[in-house]
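For reference, the structure is listed below as C-alpha cells.
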Amino acid sequence: MRIGELARRTGVSERALRYYEEQGLLRPERRPSGYRVYGEADVAAVRRIRVLLAAGLNTAQINQVLPCVVVDDGLLVPDCPELVDELVKHRDRIGAAIEELAATQANLDTIIAGRRH
DNA sequence: CTTCTTACA
DNA sequence: TGTAAGTA
C-alpha cells in the first residue's frame, strides 16, 4: 500500500509517516516512481510507534525499543531485558521532571499567595 | 488524483 | 506538524 492508505488506516498523517522514516522508524520500499510502498506489518509498526510516543519516548529511544517490543492482546510488552532497563531509566527521568515542576509550582504558589487583595 | 521533496510559519 | 509549490 502507498502512504495515503497507511495514513488512513492508522490515523497518522502522511507528514508524520515520512518523518518516522526520516527518523529510521520505518523502512518502506520505493517504487521506480519514487512512491513509498508499505507492508501490512507497517500498520502494526505505526501503532506501536504511537503507543511509545504517547509514553513520552523520543524517536531515538523508540528506535532502540521498537525491535524489542511485542504486542500481546493490544498491550505492548517489553521483550528484551535491556529494554526494561531503558524504560525504568526513562520512568525515573519523568519522576525527576515532575519533582522539578512541583518545586516550580510551589514557588509560584508562594508568589500568588503574597499578592495584595 | 496521489505522491514526492523542499522550504517556511 | 501543517501546508504551499512545482513535479512525475
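We name chains A, B, ... by the order of the sequence lines, and we start the count at 1 in each one.
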Could you tell me the separation between the [atom1] atom of [X] and the [atom2] atom of [N], rounded to a whole number of Å?
X       : N     : atom1 : atom2 : result
A/Arg8  : B/dC1 : CZ    : P     : 15 Å
A/Arg18 : B/dT3 : CZ    : P     : 8 Å
A/Arg2  : B/dC1 : CZ    : P     : 14 Å
A/Met1  : B/dT2 : CE    : P     : 17 Å
A/Leu6  : B/dC4 : CG    : P     : 11 Å

Just jot down the side chain to side chain contact (heavy atoms under 4.5 Å, CB included) partners of A/Glu82, sequence neighbours excluded, or say none. A/Cys80
Members sharing [X]'s hydrophobic cluster (side chains within less than 4.5 Å):
X       : value
A/Val84 : A/Val88
A/Val77 : A/Val70
A/Tyr35 : none

With A/Arg30 via salt bridge (charged side-chain N to carboxylate O under 4.0 Å, His left out) - residues at least two apart: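 Only A/Glu21 meet the salt bridge (charged side-chain N to carboxylate O under 4.0 Å, His left out) criterion with A/Arg30.
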Indicate whether OP1 or OP2 belonging to B/dT3 is found under 4.0 Å from a side-chain N or O atom of A/Arg36. no
Check residues 95-113 of chain A and write down every donor-acceptor pair under 3.5 Å in which the side-chain atom is one partner and the other belongs to a residue at least two apart or another chain.
{"unit_1": "A/Thr104", "atom_1": "OG1", "unit_2": "A/Glu100", "atom_2": "O", "d": "3.0"}
{"unit_1": "A/Asn107", "atom_1": "ND2", "unit_2": "A/Ala103", "atom_2": "O", "d": "3.4"}
{"unit_1": "A/Thr110", "atom_1": "OG1", "unit_2": "A/Ala106", "atom_2": "O", "d": "3.1"}

Enumerate donor-acceptor pairs with a distance under 3.5 Å from any side-chain N or O in residues 43-68 of chain A to protein atoms, sequence neighbours excluded.
{"unit_1": "A/Arg47", "atom_1": "NH2", "unit_2": "A/Arg9", "atom_2": "O", "d": "3.2"}
{"unit_1": "A/Arg50", "atom_1": "NH1", "unit_2": "A/Tyr20", "atom_2": "OH", "d": "2.9"}
{"unit_1": "A/Asn58", "atom_1": "OD1", "unit_2": "A/Ala60", "atom_2": "N", "d": "2.9"}
{"unit_1": "A/Asn58", "atom_1": "OD1", "unit_2": "A/Gln61", "atom_2": "N", "d": "2.7"}
{"unit_1": "A/Thr59", "atom_1": "OG1", "unit_2": "A/Gln23", "atom_2": "OE1", "d": "3.1"}
{"unit_1": "A/Gln61", "atom_1": "OE1", "unit_2": "A/Arg93", "atom_2": "NH2", "d": "3.3"}
{"unit_1": "A/Asn63", "atom_1": "ND2", "unit_2": "A/Gln23", "atom_2": "O", "d": "2.7"}

Considering only NZ, NE, NH1 and NH2 on the basic side and carboxylate oxygens on the acidic side, decide whether A/Lys89 and A/Glu86 come within less than 4.0 Å. yes
Sugar-phosphate only, base, or nothing, as touched by A/Arg31 at under 4.0 Å among non-hydrogen atoms: nothing
Can you list every stem that DNA chain B is part of, counting only runs of 3 or more consecutive Watson-Crick or G-U wobble pairs with both distances under 3.5 Å?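 DNA chain B stems, ordered by first number: B:4-8 with C:2-6.
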Contact state string [nucleotides 1-8 of chain C, B base, S sugar-phosphate only, - no protein heavy atom under 4.0 Å]: BBB----B
